[in-house]
2 protein chains.
Amino acid sequence: MPIRTGPVVVPTAVIKRLPMYYRYLQVLVDQGLERVSSRELSQLMGITSSQLRQDLSYFGEFGQQGYGYKVTELYQAICEILGIEKQYKTVLVGVGNLGRALINYQGFSRRGLNLKGIFDNNPAIIGENINDFTVRSVEELRPYLQKEAIQIGVITTPASAAQKIADLLIAGGVTGIWNFAPQHINVPEDVIVENTHIGDGLLSLFFKMKHQERLELK
Amino acid sequence: MPIRTGPVVVPTAVIKRLPMYYRYLQVLVDQGLERVSSRELSQLMGITSSQLRQDLSYFGEFGQQGYGYKVTELYQAICEILGIEKQYKTVLVGVGNLGRALINYQGFSRRGLNLKGIFDNNPAIIGENINDFTVRSVEELRPYLQKEAIQIGVITTPASAAQKIADLLIAGGVTGIWNFAPQHINVPEDVIVENTHIGDGLLSLFFKMKHQERLELK
DNA sequence: AATAGATTGTTAAAATATTGACAAAGTAAG
DNA sequence: CTTACTTTGTCAATATTTTAACAATCTATT
Ligand SMILES: NC(=O)c1ccc[n+]([C@@H]2O[C@H](COP(=O)([O-])OP(=O)(O)OC[C@H]3O[C@@H](n4cnc5c(N)ncnc54)[C@H](O)[C@@H]3O)[C@@H](O)[C@H]2O)c1
Ligand SMILES: NC(=O)c1ccc[n+]([C@@H]2O[C@H](COP(=O)([O-])OP(=O)(O)OC[C@H]3O[C@@H](n4cnc5c(N)ncnc54)[C@H](O)[C@@H]3O)[C@@H](O)[C@H]2O)c1
C-alpha cells in the first residue's frame with residue numbers, strides 16, 4: 001500500500017525506513033555534526049548509500065553535489081515528512097505495566113506526542129498521579145475525547161478489552177490508534193491503526209539463534 | 001540475509017512474518033479451533049492465501065488437500081520453527097519503566113523466555129523484589145552470566161549505557177541480545193542483536209495520519 | 001578562474017517478493 | 001466405490017525493491 005505524497009507515489013518499503021532515518025539523524029543533530037554524506041550516514045545505518053539517496057529522492061532534493069547533506073536541514077526535512085510538527089493530541093488507555101512505561105518515557109514528547117489524558121477501568125488506580133497525569137475513569141473517556149478534540153488513542157489494555165476501547169475511541173472522534181495489545185482491531189476506513197507487537201522481536205531473536213550456524217548470504 | 005533451514009533457503013520476508021503466524025495461531029489454539037484452511041487463516045491475518053501457503057512451504061508440508069491444516073499441529077510446527085521450545089536462559093539489565101513492564105509481562109514466559117535474573121546499577125533499587133525476581137547489582141552480572149550459562153540478554157538501560165552493557169553480556173558468554181535502547185550496538189559476528197524500537201510505531205502512525213487523505217493503492 | 005575531487009539525484013539492471021493458476025491429492029457423501 | 005468438491009503445494013508470471021553505475025554539478029584549492 002504505497003502512499004502518494006504530493007505528486008509522487010512512495011513505496012511501502014521506503015516508508016518503513018523513515019523512522020530509522022529519524023533516529024539516526026537525531027543522534028547526529030545531538031552530536032552537533034554539521035554535514036554528512038550519503039556514504040557516511042548509510043554506513044552508520046547499515047544500508048547502502050544508493051538506497052539512502054533513492055529513498056530521499058521520493059520526497060525532494062535535500063543534498064548538494066560534492067558536499068553532502070546539512071545534518072539539521074535533513075533532520076528537519078525528515079521531521080516534516082513524518083508529520084512530527086503536527087503535535088497530535090493523544091490519550092492512553094490502560095495504565096498497567098506497559099502503559100506506565102510509555103507515560104514516563106520522555107522520547108515521545110520529543111517526537112511530538114502531545115499526551116493529554118490517561119484512562120483505566122480499575123478503581124484502585126483511578127485518581128493516581130503518574131508523571132503529572134491523573135488517571136481518569138474510562139467512563140469519562142468518551143466525553144473527554146470530544147471536549148479536548150483528541151486525535152490519537154494509545155491502547156495498552158489486555159487484548160480482551162482492545163476492540164471495545166477502540167470502538168470508544170473512534171466514537172469519540174479519534175482517527176489514529178496505536179495498539180499494543182496482541183489483538184486485531186477492526187476500524188472504519190478513515191481510521192488508521194498502527195500495531196506494535198513488542199513480543200515479535202523476541203521470536204525473531206529465537207529464530208535467528210536457533211538457525212544461527214546456518215545463517216547464510218544467498 | 002536469507003537463512004538456510006535444513007536444505008532450503010528461506011527469504012527474509014518470510015522470516016519476518018513468522019511471529020505473526022505465531023500470534024494468530026495462538027489465538028486459534030486458545031479458541032479450541034480444530035482445523036483451518038489457508039483461505040480462512042489468511043483472511044484473519046490480512047494476507048493472501050497464496051502467500052500463506054508459499055511461506056509454509058519453505059519449512060515443510062503441514063496441511064492436507066481438501067481439508068486444510070490441523071490448528072494445533074500447525075501451531076506446534078511454527079513454535080518448532082521459531083525455536084520456542086529451546087527455553088533460552090535470559091537476564092534483563094536496566095530495571096526502569098520499560099524493564100519493569102517486560103519483567104511483569106506473562107506473554108514472554110509463554111513464548112519460552114526463561115528469565116533468570118534482573119540487574120541495575122542504581123543502588124536505590126538493587127535488592128528490590130519485582131515479580132519474584134530480586135534486582136541485582138550490575139557488578140554481579142559478569143560472574144552470574146557464566147555461572148548460570150545465560151544465553152540471552154535484554155537491554156532496557158538508557159542508550160548511553162547500552163554498548164557497555166552489551167560488551168559485558170558478550171564477555172559473559174551471551175550470544176543473543178534483545179535491545180530496546182535507541183542505540184546501535186556493535187557485536188562480534190557470532191552474536192545476534194535484535195533491536196526493538198518501540199518509538200518507530202508512533203512515527204509510522206504520524207506519517208500515515210499526515211498523508212491519510214492521499215493514501216492510495218498503486 | 002581553472003582544475004581535481006567529491007557527491008548528488010536518477011536511470012535501468014538485477015535481485016527479491018508476491019500473486020494467480022492449477023495439477024495432484026485429499027475429503028465427504030451418496 | 002464413485003463422484004463432486006475442496007484445498008494443498010508448487011510453478012511461473014508479475015510486481016516490487018535494491019543496487020550499481022554515471023552524468024551533472026557542486027566544493028575546495030591553487
Ligand atoms: N508489558 C509488556 O511488556 C507487554 C509486552 C507485549 C505486549 N503487551 C501487551 O500490552 C497490553 C498491556 O500489557 P500490560 O503488561 O501493561 O498489562 P497490565 O495488566 O499491567 O495493564 C493493563 C491495564 O489495562 C487496564 N484495563 C483493563 N481493561 C480495561 C478497560 N476495559 N478499560 C480501561 N482499562 C482497562 C487494567 O486495569 C490495567 O491497568 C496487553 O495487551 C499486553 O498483551 C505488554
Ligand atoms: N519507556 C518506554 O516506553 C520506552 C520506549 C521506547 C524506548 N525506550 C528505551 O528503553 C530504554 C529504557 O527506558 P526506560 O523508560 O525504562 O528508562 P528508565 O530510565 O526508566 O530505566 C533505565 C534503567 O536503567 C538503569 N541503568 C542505567 N544505567 C545503567 C547501567 N550502566 N547498568 C545497569 N543499569 C543501568 C537505570 O538505573 C534505570 O533503572 C531507554 O533506552 C529508552 O530509550 C523506552
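Below, read A as the first sequence line, B as the second, and so on, with proteins coming before strands; counting in each chain starts at 1.
- Partner A/Val187 forms a side-chain contact (heavy atoms from CB on, under 4.5 Å) with one of A/Ile170, A/Asn179, A/Val174 and no other, that one being A/Ile170.
- In this structure, B/Ile47 atom CD1 and C/dG20 atom C1' are separated by 15 Å, rounded to whole Å.
- Between B/Met45 atom CE and C/dT19 atom P there is a gap of 13 Å when expressed in whole angstrom units.
- Between the side chain of B/Glu148 and the main chain of B/Lys116, no donor-acceptor pair closer than 3.5 Å is present.
- As rounded to whole Å, 13 Å separates atom C1' of C/dG9 from atom CD of A/Gln64.
- Between B/Gly66 and A/Val14, the one whose closest nucleotide on DNA chain D sits nearer the 5' end is B/Gly66.
- Nucleic acid contact class of A/Ser38 (heavy atoms, under 4.0 Å, all strands): sugar-phosphate only.
- The side chain of B/Ser50 contributes no N or O atom lying less than 4.0 Å from OP1 or OP2 of C/dT18.
- Atom CD in B/Glu61 sits about 10 Å away from atom P in C/dG26, given to the nearest Å.
- With hydrogens and angles ignored, no donor-acceptor pair closer than 3.5 Å exists between the side chain of B/Gln65 and the base of C/dT27.
- Looking at heavy-atom distances under 4.0 Å, B/Ser37 makes contact with sugar-phosphate atoms alone, never a base.
- Between A/Phe206 and B/Trp178, the distance separating the two ring centers is not shorter than 6.0 angstrom.
- Checking side-chain atoms of B/Thr90 against main-chain N and O of B/Tyr88 turns up a donor-acceptor pair under 3.5 Å.
- For the OP1/OP2 pair of D/dC26 and a distance below 4.0 Å, the side-chain nitrogens and oxygens of A/Arg35 include no atom meeting the criterion.
- Rounding to whole angstrom units, CD of residue B/Gln54 and C1' of D/dA12 are separated by 11 Å.
- For the pair B/Arg111 and B/Tyr22, the cation does not sit on the ring face, since its NZ or CZ is not both under 6.0 Å from the ring centre and inside 45° of the axis.
- Note: CZ (A/Arg53) to P (C/dT7) measures 10 Å, nearest angstrom.
- One interatomic measurement links the two molecules: CZ of B/Arg39 to C1' of D/dT8, which rounds to 13 Å at whole-angstrom precision.
- Atom P of nucleotide D/dT7 and atom CG of B/Leu41 are separated by 13 Å, given to the nearest angstrom.
- One cannot find a donor-acceptor pair under 3.5 Å joining the base of D/dT17 and the side-chain atoms of A/Gln51.
- Note on A/Tyr58: every side-chain N or O is 4.0 Å or more away from OP1 and OP2 of C/dT10.
- Summary of the strand contacts: A/Ala13 and B/Tyr67 both lie near DNA chain D, and taking for each the nucleotide with the nearest heavy atom, the more 5' one is attributed to B/Tyr67.
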